[in-house]
A.B. asks: 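Please see the structure below; I have some questions.
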Amino acid sequence: MMLGFLLARAGVEVAVLEKHADFLRDFRGDTIHASTLEVMYELGLLEEFMQRPHQEFASLDGYIDDVRVTIADFSHLPTRCKFIAVTPQWDFLDFLAEHGRRYPGFHLRMQAEVTGLVREGGRVAGVRATTPDGPLEVRADLVVGADGRGSTVRAQAGLQVEDLGAPMDVLWMRISRAATDPGQTLGHVESGRILILIDRGDCWQCAYVIPKGSWNQVREQGLPAFRAEVARLEPFLADRMGELTDWTDVKLLTVRVDRLLRWHLPNLLCIGDAAHAMSPIGGVGINLAVQDAVAAARLLAGPLRRGSVTEAELEAVQRRREWPTRMTQRLQVLVQERTIRGVLNAGAAGPTELPLPIRLLRRWPRLARIPARIVGVGFRPEHVKGSVLERPLVAAVRRAGGASPVA
């Protein structure tokens with residue numbers, strides 16, 4: 001959506017295909033980090049976007065047993081917004097779609113599920129999709145796969161995936177929030193257990209971390225046992241655990257960390273989770289995807305306006321974004337292996353041994369600025385300021401009746 005908006009703003013005709021009828025999905029990445037907010041500021045959209053319902057967090061704190069630790073302090077970031085914002089991802093997508101529709105070259109087609117690629121002469125020439133009105137074929141000078149970790153585009157393209165592994169899965173659930181509850185995002189770690197709470201205003205978005213592949217074992221122990229375990233970790237939730245009435249209220253996220261060895265083919269590019277599935281550690285997946293989109297728009301808008309994109313130009317996008325992706329994944333895997341695996345394998349006996357990074361953060365709180373910089377800004381933040389994307393090439397126009405049909 002970000003890439004489509006930026007390219008349309010730069011005068012490129014774009015078709016964005018979304019397989020669902022709306023963007024209403026629970027438990028997607030809902031954190032908008034400072035790097036993304038900086039892009040919104042450079043586009044002149046930050047003030048309007050911040051009028052949407054959201055929460056702001058200047059720090060990320062957690063408990064290890066009964067020890068409270070500030071893990072990331074965003075208040076010193078070199079950005080206009082010195083915090084991360086939490087807002088439903090559907091609001092973010094709707095906001096971008098609303099602004100995209102102001103440009104004549106932006107076409108959003110809902111209920112259009114991509115099922116395959118159109119190939120001609122050894123090159124990708126478009127996509128095939130299914131819609132309520134029947135099959136749809138869209139021809140394009142460039143196909144961009146931004147369809148997530150289960151990407152149909154990358155599977156159809158036959159691009160090779162390197163699996164980096166993950167020792168955990170995550171159970172997501174939603175529990176109502178009371179006025180007397182703590183007012184910020186919290187994590188709670190004990191031997192064998194990890195629970196993350198994200199304040200969503202009227203409710204808590206809860207992430208319960210389990211060992212990889214143990215979902216069936218959790219279910220076999222029964223829902224009452226699961227509710228009791230969550231309440232033991234966070235006693236203030238005990239009176240509301242009955243809101244989890246059956247297992248349909250608990251959603252499994254199978255954690256994957258992987259990346260493509262090559263992100264592109266002639267006339268095809270993958271970005272975001274389609275190119276590099278991220279661990280939920282730090283909640284950085286959506287923000288890396290946005291950074292990919294900004295870099296791709298900046299590097300490809302000119303060639304697309306000319307009507308063709310070379311493989312060298314697609315390679316330039318991967319070269320620009322591969323290093324920050326690899327560095328972020330390297331740190332995520334390090335945390336997974338050195339901290340999370342140890343906690344999950346420790347069982348419930350005895351207090352949790354504080355990992356060395358946590359001991360350092362407790363002793364020197366100023367060190368919390370380092371993870372804040374990595375999470376909030378990243379290794380290579382992208383900008384529209386000073387680029388071809390800074391000012392719209394075409395005048396924005398309002399169009400009645402929503403997106404134009406894509407033929």
Side-chain angles (χ1 to χ4, degrees), residues 24-34 50-75 81-92 170-210 218 222-251 253 280-283 343 348 351-352 354 358 361-362 365 368 371-372 375-376:
L24 297 175
R25 304 291 170 273
D26 273 340
F27 311 127
R28 299 175 104 167
D30 291 341
T31 51
I32 310 295
H33 291 204
M50 298 309 286
Q51 299 302 313
R52 302 271 175 129
H54 70 281
Q55 290 83 44
E56 299 177 7
F57 300 103
S59 67
L60 292 179
D61 302 310
Y63 283 94
I64 298 183
D65 293 329
D66 293 327
V67 178
R68 186 178 183 121
V69 181
T70 295
I71 299 169
D73 176 7
F74 302 107
S75 63
C81 296
K82 302 180 187 304
F83 53 82
I84 63 172
V86 177
T87 188
Q89 190 177 121
W90 60 79
D91 278 349
F92 187 40
V170 178
L171 303 180
W172 285 107
M173 68 209 87
R174 194 177 298 275
I175 300 173
S176 63
R177 185 179 180 278
T180 55
D181 289 350
Q184 58 182 314
T185 303
L186 298 171
H188 199 125
V189 178
E190 292 185 9
S191 291
R193 303 289 184 270
I194 301 174
L195 178 68
I196 308 297
L197 303 184
I198 302 175
D199 181 1
R200 299 304 302 272
D202 61 347
C203 68
W204 292 103
Q205 184 172 318
C206 307
Y208 184 84
V209 184
I210 61 174
V218 172
L223 188 59
F226 178 73
R227 289 193 297 239
E229 183 58 28
V230 174
R232 187 184 69 78
L233 286 169
E234 291 293 358
F236 70 85
L237 295 176
D239 63 337
R240 283 157 271 166
M241 294 311 301
E243 295 172 8
L244 303 178
T245 59
D246 57 54
W247 286 114
T248 60
D249 296 324
V250 182
K251 310 298 183 184
L253 169 65
I281 293 171
V343 170
T352 307
L354 295 179
I358 299 300
L361 287 171
R362 288 192 67 204
V375 169

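Residues: numbered from 1 along the sequence shown.
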A.B. asks: When you measure from the side chain of D181 to the backbone of R177, do you find a donor-acceptor pair of N or O atoms at a distance under 3.5 Å?
C.D. replies: no

A.B. asks: Does D246 have any side chain to side chain donor-acceptor pair (under 3.5 Å) partners at least two apart in sequence or in another chain, and if so, which?
C.D. replies: T248

A.B. asks: Please enumerate all residues that pass side chain to side chain donor-acceptor pair (under 3.5 Å) together with Q55, with sequence neighbours excluded.
C.D. replies: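 Residues passing side chain to side chain donor-acceptor pair (under 3.5 Å) with Q55: none at all.
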
A.B. asks: Could you pull out the closest heavy-atom pair between H33 and V375, with the gap in Å?
C.D. replies: ND1-O, 2.7 Å

A.B. asks: What residues, two or more places apart in sequence or in another chain, satisfy side chain to side chain contact (heavy atoms under 4.5 Å, CB included) together with S75?
C.D. replies: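 Residues passing side chain to side chain contact (heavy atoms under 4.5 Å, CB included) with S75: D73.
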
A.B. asks: Would you call the rings of F226 and Y208 parallel, tilted or perpendicular, taking 30° and 60° as the class edges?
C.D. replies: perpendicular

A.B. asks: Are the charged groups of E243 and R240 less than 4.0 angstrom apart, N to O?
C.D. replies: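 Looking at E243 and R240, the cut-off is not met.
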
A.B. asks: Kindly write out the residues that satisfy salt bridge (Lys or Arg N to Asp or Glu O under 4.0 Å) with R227, not counting sequence neighbours, or none if the list is empty.
C.D. replies: none

A.B. asks: What pair of heavy atoms forms the shortest contact from A368 to T70, and how long is it?
C.D. replies: CB-O, 3.7 Å

A.B. asks: With sequence neighbours left out, write down each residue that passes side chain to side chain contact (heavy atoms under 4.5 Å, CB included) with A228, or none if nothing qualifies.
C.D. replies: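 Side chain to side chain contact (heavy atoms under 4.5 Å, CB included) check on A228 returns nothing, list empty.
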
A.B. asks: Contact between E56 and M50 at the side-chain level, heavy atoms closer than 4.5 Å - yes or no?
C.D. replies: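 They are in side-chain contact.
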
A.B. asks: Identify, with sequence neighbours excluded, every residue that meets ring-ring contact (aromatic ring centres under 6.0 Å, His included) alongside F74.
C.D. replies: none

A.B. asks: Where is the tightest heavy-atom contact between L171 and V218, given as atom of each residue plus distance?
C.D. replies: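 That would be CD1-CG1, 4.2 Å.
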
A.B. asks: Could you tell me which residues satisfy side chain to side chain contact (heavy atoms under 4.5 Å, CB included) with A85, sequence neighbours excluded, listed by chain and number?
C.D. replies: I32, L37, H54, F83

A.B. asks: Just jot down the side chain to side chain contact (heavy atoms under 4.5 Å, CB included) partners of A238, sequence neighbours excluded, or say none.
C.D. replies: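 For A238, the residues satisfying side chain to side chain contact (heavy atoms under 4.5 Å, CB included) (neighbours in sequence not counted) are A231.
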
A.B. asks: A side-chain contact here means heavy atoms from C-beta on lying under 4.5 Å apart; do E229 and R193 qualify?
C.D. replies: yes

